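These values consider heavy atoms only, across backbone and side chains, with no hydrogens, waters or symmetry-generated copies. All values derive from a computational prediction rather than experimental measurement. Throughout, protein chains are lettered first and strands after them, A, B, ... in sequence-line order, and every chain is numbered starting at 1.
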Protein chains: 4
Amino acid sequence: MTEEDADPIRRRPGGRAARVRQAVLTAALEVLAEEGVARFGIAAVAARAGVNETTVYRRWGTREKLVLDAMLAGSTEGIPVPDTGDVRTDLAAFARALADYLATPAGRAVARAAALSSDDPGLAEAWETFWQSRLELAGAIVDRAVGRGELPAGTDTGLALELLCSPLQTRALLGHRPIEPDLPERLADTVLDGLRGRA
Amino acid sequence: MTEEDADPIRRRPGGRAARVRQAVLTAALEVLAEEGVARFGIAAVAARAGVNETTVYRRWGTREKLVLDAMLAGSTEGIPVPDTGDVRTDLAAFARALADYLATPAGRAVARAAALSSDDPGLAEAWETFWQSRLELAGAIVDRAVGRGELPAGTDTGLALELLCSPLQTRALLGHRPIEPDLPERLADTVLDGLRGRA
Amino acid sequence: MTEEDADPIRRRPGGRAARVRQAVLTAALEVLAEEGVARFGIAAVAARAGVNETTVYRRWGTREKLVLDAMLAGSTEGIPVPDTGDVRTDLAAFARALADYLATPAGRAVARAAALSSDDPGLAEAWETFWQSRLELAGAIVDRAVGRGELPAGTDTGLALELLCSPLQTRALLGHRPIEPDLPERLADTVLDGLRGRA
Amino acid sequence: MTEEDADPIRRRPGGRAARVRQAVLTAALEVLAEEGVARFGIAAVAARAGVNETTVYRRWGTREKLVLDAMLAGSTEGIPVPDTGDVRTDLAAFARALADYLATPAGRAVARAAALSSDDPGLAEAWETFWQSRLELAGAIVDRAVGRGELPAGTDTGLALELLCSPLQTRALLGHRPIEPDLPERLADTVLDGLRGRA
DNA sequence: GGATAAGCGAGACGGTACGTCTCGTCTTTTG
DNA sequence: CAAAAGACGAGACGTACCGTCTCGCTTATCC
């Protein structure tokens, strides 16, 4: 885990094993985006990857683990974190980007997959980490604002991000209420005001 | 529709149909709470309700619709909405109650069920309505605060509730991050400050 | 059974009961002819007769009994028995008529219904009677031939009819082998030769 | 196709697939004989074969196909065809054997099954072939008699068999009229006389 | 460079749930 | 009060996935 990946499959990047792995994960992401998480099936993934079903079961075991691995491998880019020097602009842009991502089929699929596989504690933790790593980068926006004096010292970065992001996530997960275009801005404004305190 | 329920099943409260309906919905809620939404099956519900499986299929058709109906029929009480005269106390108490509910097996199940069946547009809308009706009562807290002058006139009630509730919902849905005991208070504080604007 | 039918349904020929009975039986015959005996269902019969399903169940109980009753009531005419004075012509014509009837949807349905419901001893006997009464009329052909000296005295009428008819019935029942146009004649010829004996 | 069976299931005679196949077909024949074709169910067959229900559906799809396959695989021996040098004795013995077979539960089931599934053209043809292959062996009796001069040269073998066998089949199929002990002999006699022609 | 071990393809199977279909019974409502 | 309307019980049917297993065969690794 430290200097050499323990997974024997990734040992040789050019080998057949790695090729199969990549094909399956790519296919999984495509199926996820096209069919949604509810109709996501291993048979479809294997067929699209040009790989035998048994192989997928051998390597990933269950549907949930495959979804998780595909997500981890596939969305490495994350949400872009702007840095314009103005905290309001940055937060609004980040919220906008997150909303756009969640409107994507892939984004919807990610959210659903996380929600559905959170029964298994191990998977739940993995999803937790997934979201954490995707969103905590935005903490830099808040931290920089504190550094510039735009926000008071001691500002709770986590709370800020949670207030900003979870309305968007919740809308993507529950029901089908669309995200109005000005919602990211309104969220950013209100959250900023809240963080600055009443005084 | 006005004085007599349109649903023919509920016409006679004492009849067999109504009795069966009640038994199934109750059993559904129990199974949901005990097994979770992923392992929720119609066979188990029918067995527990002492009703034939076919009847469940006849009346509800699919698992998703049964879950929805059980939720609609079963959680009529909703989250209590306090009225102490102090908006901060009220909001914090409401957030606390919501968090407690979401920590309940039933609460988790509700959240998961909504996330699960949001592929079907009709069901998604129904779940939207469900949450709307459960949470909008809390709008009274904000409205009363506006009336008392605790909050400015043009306060966006919906945004307020969304900021307050969605972090709790998201935590219940994604990952397994527990809700810290003081989170409701912190949420209430920050949201209130945000609503009051940057003085 | 002797001078007044015991069946209460037939008591009043003009009453509603009789009307319902007639409608159901007619509808049953139609469904039987159109859909075949395998897809014959009480629901379809009731719908076509403009009568409630429950009524059919009350009066006839099971599908088999309804089929039987419909057959008994519906095909009173039977197969025409010719009398030309020549036994070969008569037998061939009768065989031809039977073959034509068995090629009819109704005829196929009758044969299938008899074959399928012969598990129940009571029904089996009823079907036995049904066929007996339809075919034994043709015994007159043989008897007349004996009277005219065309066939020896002591000719086994039942055996003659069985030899003549059962190949046609079997072809209608098993497999889908069509009945060649000259088969009735060949049957009549061979059977007649057989009856006359070798000498 | 010549030296290796095309059916992939039978490729390995000792493999699990072949074992399962055999178990299911044997169980099917047993259920068929014990319960009759009307009460023949896949669940019962699977249970008796110690095989999962799904496997039966996968391999045979419908009840009718399973019945057919069981019959094809299970009654390979057919009706014994005697060769005593006397056509009357041979035909009578064959008719007797057929009558005995049709009196067997399995024999009844075969007849009923064919009558049951003759709606599907493919299955009807298969049943046709089934009966054809079971009965045409007896054609040798007639052919040998022609060779010995017991029967005239142009004797219609098919017609002879049909006249001999179909009365027995019809009695087994329709109604419940038992087969009298001397019926086979009388059939053989009359058919032989018929085949020899009038003087 | 050949043994050898790891992984893959192919095919079936056990298991669980789902949703459909019919039959025949039972309760409730209505004329 | 009897028939209509409609729900129910019972049970089979056929389908869809999931995850496991076995058996050859191909590929990559190791001596």
Partner set under salt bridge (charged side-chain N to carboxylate O under 4.0 Å, His left out) for Arg39(D), not counting sequence neighbours: Glu35(D)
Non-neighbouring partners of Glu125(A) that pass salt bridge (charged side-chain N to carboxylate O under 4.0 Å, His left out), sequence neighbours left out: none
Short side-chain N/O contact from Arg59(B) to OP1 or OP2 of dC8(F), under 4.0 Å: yes
Toward the 5' end of DNA chain E, by each residue's nearest nucleotide, Asn52(A) or Asn52(D): Asn52(A)
Stepwise side-chain contact (heavy atoms from CB on, under 4.5 Å) test for Thr62(D) and Tyr57(D): CA-CA 7 Å; Thr62(D) 70; Tyr57(D) 280 111; over 6 Å; no
Separation of Glu64(B) CD from Asp120(B) CG (nearest 0.5 Å): 8.0 Å
salt_bridge(Asp69(C), Arg59(C)) N-O dist < 4.0 Å: no
Contact pattern, 5' to 3', of nucleotides 16-21 of chain F - B, S or - by protein heavy atom under 4.0 Å: B-BBBB
Arg19(B) CZ - dT27(E) P separation (whole Å): 10 Å
Earlier contact from the 5' end, DNA chain E, for Thr55(A) and Ala44(B): Thr55(A)
Which residues share a salt bridge (charged side-chain N to carboxylate O under 4.0 Å, His left out) with Glu30(D), sequence neighbours left out: Arg48(D)
CG on Leu32(C) to CG on Leu66(C), rounded to 0.5 Å: 8.5 Å
Salt bridge (Lys or Arg N to Asp or Glu O under 4.0 Å) contacts in which one or both residues fall within residues 108-118 of chain C, not counting sequence neighbours: Arg112(C)-Asp119(D)
Sugar-phosphate, base or nothing in reach of Val51(C), heavy atoms under 4.0 Å: nothing
Bending between helix ends of the helix from dG1(E)-dC31(F) to dG31(E)-dC1(F) [5 pairs per end, 10° resolution]: 20°
Separation of atom CH2 in Trp60(B) from atom P in dG19(E), rounded to whole Å: 14 Å
